[in-house]
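What you see is a predicted model, and the numbers here were worked out from it, not measured in a lab.
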Amino acid sequence: FPSHDNKRLRMLLKTLRANEKKQTSPRNNQVSPRESLKVESPNLKYLSEIVRVSEESAKLTHELIKSDEKIIALGGDHSINLGVVSGASIALEGDLGLIYFDAHGDMNTDQTTLTGNIHGMHLASLLGLGNEELKSILSSNIKIDKNNLINSSFHKDLTFACIDISDAKMINRLFEEHKFNVVINLAAQAGVRYSMINPKAYLSSNINGFFNILEACKEFPVSHLIYA
């Protein structure tokens, strides 16, 4: 854990110990500082280190679950899920579900990523998609069956449409077809550093795309619009 998180960690452990008779001491995985790492591929940044840490996290998770331990995994990056869920899946022989809460789907692969950040790929990897090393943490088995995942892209009551929000005609057609009551826009392009490299991507999604959504909400009235 980073030093500035030590106080938060101590408070968390105090709370856990107050509610559990048995509390195992924290087990930490050491992560190399990003400044010391090389970017091996622009589409898979820091792949070797993330695979190494994920393998260690997976082995630790597998060991603890087999010992009937309860686990809370804490980390500073989304990709912590890759190792933890992989280890749990192997320990439970694939018999587990995943409820995934995030503002982003984290369903990119090295073929679809705009930034090359692996923390936007781990859910795809757990489903057996994308880079071979990422989807083979601890085992080549698929870690999560898509039917055992609660996520907007795979929910049985939702329709998934792959469109460009900067395309006003497509947005209007979508609104006209589905008659939305509520619209939640989480399609903004994130990442400050990448905006310096490809500013047009931000103009396309964050300005033109959002403008198209606002206009569609006026043309096909909705009760609520939520955006981030």
One pair to check against side-chain hydrogen bond (donor to acceptor under 3.5 Å, both in side chains): Tyr46 and Asn117. What are the steps and the verdict? CA-CA 8 Å; Tyr46 315 114; Asn117 291 322; over 6 Å; no
Let me confirm one number: the CD1-CG distance from Ile197 to Leu114, rounded to the nearest 0.5 Å. 11.0 Å
Main-chain N/O of Ser136 paired to Ser140 side chain as donor or acceptor, under 3.5 Å: no
With a 4.5 Å heavy-atom cut-off, do Asn131 and Thr109 have their side chains touching? no
For the backbone of Met121 and the side chain of Ser125, can you confirm whether one donor and one acceptor N or O come within less than 3.5 Å of each other? yes
For Leu96 and Ala88, the nearest pair of non-hydrogen atoms, with its separation, is CD1-CB, 4.0 Å
Decide side-chain hydrogen bond (donor to acceptor under 3.5 Å, both in side chains) for Asn29 and Ser57; before the verdict, give the C-alpha distance in whole Å, the side-chain angles of both, and the deciding distance to 0.1 Å. CA-CA 7 Å; Asn29 281 343; Ser57 298; 2.8 Å; yes
Could you tell me whether the side chain of Asn212 and the main chain of Ile165 form a donor-acceptor pair under 3.5 Å? yes
When rounded to the nearest 0.5 angstrom, what is the spacing between CG in Leu149 and CG in Leu127? 5.5 Å
Leu123 and Leu44: same hydrophobic cluster, using ILVMFWY side-chain contacts below 4.5 Å? yes
Atom CG of Asp95 with >12 non-hydrogen neighbours under 6.0 angstrom: no
State yes or no: do Ile80 and Leu74 share one hydrophobic cluster built from I, L, V, M, F, W and Y residues joined by side-chain heavy-atom distances below 4.5 Å, directly or via other members? no
Gap between atom CG of Leu126 and atom CD1 of Ile137 - 0.5 Å precision: 9.5 Å
Looking at side-chain heavy atoms only, is the closest gap between Leu129 and Lys135 below 4.5 Å? no
Do Cys217 and Phe180 make a side-chain contact, defined as non-hydrogen atoms from C-beta onward lying under 4.5 Å apart? no
Give a yes or no on whether a salt bridge exists between Glu56 and Arg52, defined as a side-chain N under 4.0 angstrom from a carboxylate O. yes
Between Ile142 and Gly128 the two heavy atoms that sit nearest each other are CG1-CA, 4.1 Å
Group every Ile, Leu, Val, Met, Phe, Trp and Tyr by side-chain heavy-atom contacts under 4.5 Å, then state whether Leu214 and Ile163 land in the same group. yes
Pair Asn208, Ser204 - check side-chain hydrogen bond (donor to acceptor under 3.5 Å, both in side chains), show working. CA-CA 5 Å; Asn208 296 336; Ser204 178; 5.4 Å; no
Decide side-chain contact (heavy atoms from CB on, under 4.5 Å) for Asn185 and Ile226; before the verdict, give the C-alpha distance in whole Å, the side-chain angles of both, and the deciding distance to 0.1 Å. CA-CA 6 Å; Asn185 177 31; Ile226 301 171; over 6 Å; no
Results of ring pair (Phe, Tyr, Trp, His ring centres under 6.0 Å) for Phe211 - residues two or more places apart only: none
Ion pair Glu215/Lys218, N-O distance below 4.0 Å: yes
Tell me the closest heavy-atom pair linking Lys45 and Ile50, and the distance in Å. O-CD1, 3.8 Å
Quick check: does any side chain N or O of Ser67 sit under 3.5 Å from a backbone N or O of Glu69, one acting as donor and the other as acceptor? no
Scanning both residues in full, the closest heavy-atom pair of Leu47 with Glu40 reads N-OE1, 3.4 Å
Is it true that a side-chain atom of Glu176 and a backbone atom of Phe220 form a donor plus acceptor pair closer than 3.5 Å? no
Do Ile171 and Ile207 land in one hydrophobic cluster if side-chain heavy atoms of ILVMFWY residues count as linked below 4.5 Å? no
Residues two or more places apart in sequence or in another chain: which of them pass ring pair (Phe, Tyr, Trp, His ring centres under 6.0 Å) with His119? His78
Test side-chain hydrogen bond (donor to acceptor under 3.5 Å, both in side chains) applied to Asp164 and Ser166, step by step: CA-CA 5 Å; Asp164 185 347; Ser166 66; 2.8 Å; yes
Can you find a pair of side-chain heavy atoms, one from Ile90 and one from Lys143, that are under 4.5 Å apart? yes
Does the gap between the ring centers of Phe210 and Tyr227 come in under 6.0 Å? yes
Here the pair of heavy atoms bringing Ile71 nearest to Ile65 is CD1-CG1, 3.6 Å
Would Leu134 and Val53 show up in the same hydrophobic cluster when neighbours are defined by side-chain heavy atoms closer than 4.5 Å? no
State whether the side chain of Ser86 and the backbone N or O of Leu82 hold a donor-acceptor pair below 3.5 Å, judged by distance alone. yes
Polar side-chain atom of Asn43 near backbone of Asp110 as donor-acceptor pair, under 3.5 Å: yes
Would you indicate whether the side-chain heavy atoms of Leu98 and Asn148 approach each other to under 4.5 Å? no
Between Val222 and Val182, is there a side-chain heavy-atom distance shorter than 4.5 Å? no
Kindly give the heavy-atom pair with the smallest separation between Glu49 and Gln30, and that separation in Å. OE2-O, 4.4 Å
